[in-house]
2 protein chains.
Amino acid sequence: MKKNADLSPGSITLVDVAKEAGVSAITVSRTIRSPEIVSEASRKKVEAAIAKLGYAPDPAASALASKTTSTIGLLVPSLTNNVFADVVRGVYDGIEGTRYFVQIGNFRYSALKEEDLLRVFLRQKPAGLIVSGFDQTAQACDLLRTAPCPVVQIMDFGPEPADMAIGFEHRDAARAATQHLLDSGYKKPGFLGARMDPRSQARLEGFKDVCRAAEIMDEARIVTTRQPSNVGMGRQLFELLLSRAPDTDAVFCNNDDLAIGVLMEAQRRNITVPTDFGVCGFNDIEIARNMVPEMTSVSTPRYDIGRRAIQMILDEIKSPGSVEDRNCNLGFELIERSSTLRRS
Amino acid sequence: MKKNADLSPGSITLVDVAKEAGVSAITVSRTIRSPEIVSEASRKKVEAAIAKLGYAPDPAASALASKTTSTIGLLVPSLTNNVFADVVRGVYDGIEGTRYFVQIGNFRYSALKEEDLLRVFLRQKPAGLIVSGFDQTAQACDLLRTAPCPVVQIMDFGPEPADMAIGFEHRDAARAATQHLLDSGYKKPGFLGARMDPRSQARLEGFKDVCRAAEIMDEARIVTTRQPSNVGMGRQLFELLLSRAPDTDAVFCNNDDLAIGVLMEAQRRNITVPTDFGVCGFNDIEIARNMVPEMTSVSTPRYDIGRRAIQMILDEIKSPGSVEDRNCNLGFELIERSSTLRRS
DNA sequence: TTGACAAATGATAGCGCAATCATTAATGTG
DNA sequence: CACATTAATGATTGCGCTATCATTTGTCAA
């Protein structure tokens with residue numbers, strides 16, 4: 001059973017500090033928010049009083065009076081996903097040492113839920129907002145466009161961000177990966193995809209682009225599911241691919257989880273990678289480069305996206321309109337490793 | 001550049017709704033917070049007015065007036081870690097559909113940072129608090145004990161929670177895993193550990209317990225690091241173990257990341273698992289059961305811990321003192337798979 | 001019908017802070 | 001030295017909501 005802690009430190013207010021320091025309440029408020037406009041003498045007195053009383057401002061009162069909070073909202077489609085875990089890490093590293101907080105909303109790949117969450121977040125008067133991609137509902141787009149705070153759309157790259165955006169071209173990345181399979185001597189590449197959110201769809205299109213250009217496009221080699229991505233799913237999809245198109249000689253996976261599954265299933269079936277079969281993943285998660293054989297993958301700037309998204313918001317809060325590059329393409333990098341090294 | 005959205009939906013207040021509905025402001029407030037004490041007629045009128053105006057309460061004003069928020073704080077030592085990702089997922093599933101939010105604080109395995117974050121969270125007047133383990137600083141412990149909201153300590157199991165706790169016995173779990181290695185016919189088991197937070201330490205103790213009892217305790221077979229855990233680190237630690245104690249014939253890893261690294265490095269060195277060498281992981285993450293060979297691991301109730309921690313808090317908010325089992329041991333399960341199947 | 005009681009509703013005040021405008025002190029200029 | 005200008009500080013008010021207490025209305029037994 002809990003005790004009631006009515007005498008907790010929260011009961012000290014600005015006025016108490018002001019009395020202790022012998023100044024007015026508003027001077028205390030200013031000392032905290034913008035010390036540079038308070039005289040050295042007042043500031044010292046106030047700081048001493050704050051330290052002595054252990055004062056800490058009440059964020060609710062501050063929010064009510066100023067119509068803004070220190071919360072930065074972050075809307076992600078998944079928390080399980082390794083990809084968004086890295087973004088989240090970048091975001092948290094980015095706000096480290098600032099007076100801001102991150103509040104994460106998980107919309108589970110549902111645009112409707114995203115719209116709901118957006119409303120919930122907006123009524124909290126956030127200092128900034130980070131959302132995933134460009135595929136919001138029309139209403140959600142309006143909300144983003146008219147939001148009274150900086151907004152960053154992350155992970156994707158499109159023509160017209162609501163406010164700011166940072167990400168990379170998924171379709172291009174998939175093209176590079178697929179082209180690499182062909183360049184490595186594989187003739188009949190397949191595609192495995194799970195979840196198939198808009199960014200996954202873009203990757204599939206990139207794969208198709210290259211296959212069509214090389215005139216080797218075959219729908220039977222494309223195996224996708226709307227279910228979540230994981231290693232077990234990679235094994236299943238690979239089995240399905242082999243049963244549908246047994247002569248497939250390589251595969252580009254929507255992400256590394258699936259690719260690891262393929263690697264494992266190949267090992268179980270004594271299919272030799274890369275000699276008999278090439279495997280390319282996507283995202284280049286840590287485990288991929290420590291597989292045996294080491295896995296070829298497309299390295300994506302997930303951490304940087306999170307980190308820089310926060311920086312854009314902080315800059316924009318400091319002086320609105322100051323961010324120059326409001327639609328930022330961070331690119332990707334194809335990391336060639338042994339799992340596609342047929343020509344060695 | 002952003003437009004100023006001064007006419008955003010946020011500008012509608014309780015008073016506006018009250019006028020529209022022809023009742024007083026406080027009746028509107030009650031209709032939202034506890035509809036059961038408002039007459040059917042009033043409620044209908046108010047609900048209609050809310051719908052018509054698109055009203056949404058201002059959480060800051062509510063927090064200021066009521067001295068409590070709808071925020072539940074969650075303090076975790078890491079966001080990268082698979083383990084806490086599952087906890088977070090459970091927590092988010094647990095608050096789904098309630099009026100509460102989760103705010104995550106990442107204290108990066110630093111007890112001091114945890115204490116800071118605790119203070120920051122407490123001044124927001126959270127509705128509840130979830131913290132990791134029992135290893136807070138003395139001051140942080142006091143804060144938890146006197147917090148004016150339900151508190152749950154998760155992931156560990158100890159004698160005296162500050163308020164409530166849910167977790168499992170790490171030392172017992174490590175004992176079970178180590179005993180399993182011996183029972184499987186391995187004679188010289190080693191231990192690999194990364195990060196070595198308090199719960200990792202407890203697991204090491206469990207390992208030592210069993211080795212001492214079997215009179216095979218050898219410090220040379222214990223290889224640990226304070227660096228973060230990942231697959232690459234598993235490979236490195238395994239190399240170190242083999243160079244220090246080449247006759248080691250099995251290993252219990254602090255967690256699955258390391259164990260996967262061992263599996264990979266063993267494959268590279270043509271060490272056959274499980275015949276030549278046994279590998280047991282910890283946590284039983286999804287990828288572990290899809291490795292080749294499938295990995296023996298200790299399944300831990302991470303998702304359930306998160307989910308039930310939230311439930312405990314919600315129950316406790318509803319009626320303080322109502323939660324019966326305030327110190328809950330969810331146990332663990334040793335999942336025996338091929339990676340330790342020497343005696344087949 | 002009357003009084004007693006519960007259910008429903010309202011009036012008032014205040015939560016702790018920051019925006020606004022007013023005031024005072026400090027500094028510079030001719 | 002008078003005056004203008006800037007820097008520093010303060011008094012007042014209100015943000016939107018809920019707690020508290022007071023009041024009204026409805027219900028029932030005597």
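Counting to the nearest Å, the P atom of C:dA19 and the CD1 atom of A:I32 are 13 Å from each other. Distance, A:L14 CG to C:dA19 C1': 14 Å, rounded to whole Å. In this structure, CD1 of B:I37 is placed 18 Å from P of D:dG26, rounded to the nearest angstrom. Between the P atom of D:dC21 and the CD1 atom of B:I26 lies a distance of 14 Å, rounded to the nearest Å. Summarising the geometry, the separation between CD on B:Q124 and C1' on C:dC17 is reported as 15 Å, rounded to the nearest angstrom. Going from atom CG of B:L64 over to atom P of C:dC17 covers 9 Å, rounded to whole Å. Rounded to whole Å, atom C1' of C:dC15 lies 14 Å from atom CG of A:D16. Straight-line distance from the CD atom of A:E36 to the P atom of D:dT9: 13 Å, rounded to whole Å.
With a 4.5 Å cut-off on side-chain heavy atoms, A:R99 and A:R33 do not count as touching. In this structure, the side chains of A:L129 and A:L122 come closer than 4.5 Å at one or more pairs of heavy atoms.
At C:dG10, one or more side-chain N or O atoms of B:T27 fall inside 4.0 Å of OP1 or OP2 (strictly under the cut-off). The phosphate of C:dA18 (OP1 or OP2) has a side-chain N or O of A:S29 nearer than 4.0 angstrom. Note on A:K67: a side-chain N or O is less than 4.0 Å away from OP1 or OP2 of D:dG16. Contact annotation: B:S62 side-chain N/O to D:dG16 OP1/OP2 distance is not under 4.0 Å. Note on B:S42: a side-chain N or O is less than 4.0 Å away from OP1 or OP2 of C:dT9.
With no hydrogens or angles considered, a side-chain donor-acceptor pair links B:T137 and B:E115 at under 3.5 Å.
The 5' end of DNA chain C is approached more closely, in terms of each residue's nearest nucleotide, by B:S39 than by the other of B:A61 and B:S39. Along DNA chain C, the nucleotide closest to B:R43 and the one closest to A:R33 are compared, and the more 5′ of them pairs with B:R43.
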Please step through side chain to side chain contact (heavy atoms under 4.5 Å, CB included) for the pair B:Y55 and B:D16, ending with a clear verdict.
CA-CA 9 Å; B:Y55 168 75; B:D16 300 323; over 6 Å; no
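In this structure, B:V15 reaches neither bases nor backbone, as no heavy-atom distance under 4.0 Å exists between it and the strands shown. Residue A:R30 is in base contact, counting any heavy-atom pair closer than 4.0 Å across all strands shown.
The local environment of NZ in A:K19 is sparse, with at most 12 non-hydrogen atoms from other residues, nucleotides or ligands closer than 6.0 Å.
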